Amino acid sequence: MGIYEDMAPWNVAFQGGKLMYIDYDTKDIDLTKLIPVTYQLSAALMNLERTVRDFGHCPRHSKNNYNVPYVSHCIGNSRFNGPCDDDKYCLFDGMFSQQLA
């Protein structure tokens, strides 16, 4: 079984002696190949947040559904106050938020 976005217990089942991911909404998005770069991505977001904060463009953070660190951080002067309900659009935008204000 691969790694999928919504690995909640109710989305995983035994079928024919195998563990299967059964969520129809996200079953076509296999994230397994991305797992090796998750640490690098986390480190990059952490360093980006630090840089944006050091340049004075990180006045506040928003929230995301799973409290994933550094995602939806530094929303700056954006009109968006959160929480971010659509996981596809929870983006770190501190570098660009001054243009959105």
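Only heavy atoms go into these numbers, but all of them, side chains included; no hydrogens, no water, no symmetry mates. Just so it is clear, the model here is predicted, and its values are computed rather than measured.
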Q.
Hydrophobic cluster membership, with links at side-chain heavy-atom distances under 4.5 Å among I/L/V/M/F/W/Y: are Tyr4 and Ile35 in one?
A. no
Q | Point-to-point distance, once rounded to the nearest 0.5 Å, from CD1 of Ile3 to CE of Met7 | A | 5.0 Å
Q. Tyr21 and Lys27: which non-hydrogen atoms are nearest, and at how many Å?
A. CE2-CA, 3.7 Å
Q: Check Gln15 against Ile22 and note the closest heavy-atom contact, atom names and distance.
A: NE2-CG2, 3.8 Å
Q) Is there a side chain to side chain donor-acceptor pair (under 3.5 Å) between Asp23 and Thr26 once you walk through the steps? A) CA-CA 6 Å; Asp23 182 50; Thr26 59; 2.7 Å; yes
(Q) Test: side chain to side chain donor-acceptor pair (under 3.5 Å). Region: residues 32-43. Which pairs qualify, not counting sequence neighbours? (A) Asp30-Thr32
Q.
Given 3.5 Å as the limit, does a donor-acceptor pair link the side chain of Asn47 with the main chain of Ala43, or not?
A. yes
**Q.** 4.5 Å side-chain heavy-atom contact, Val12 and Met1
**A.** yes
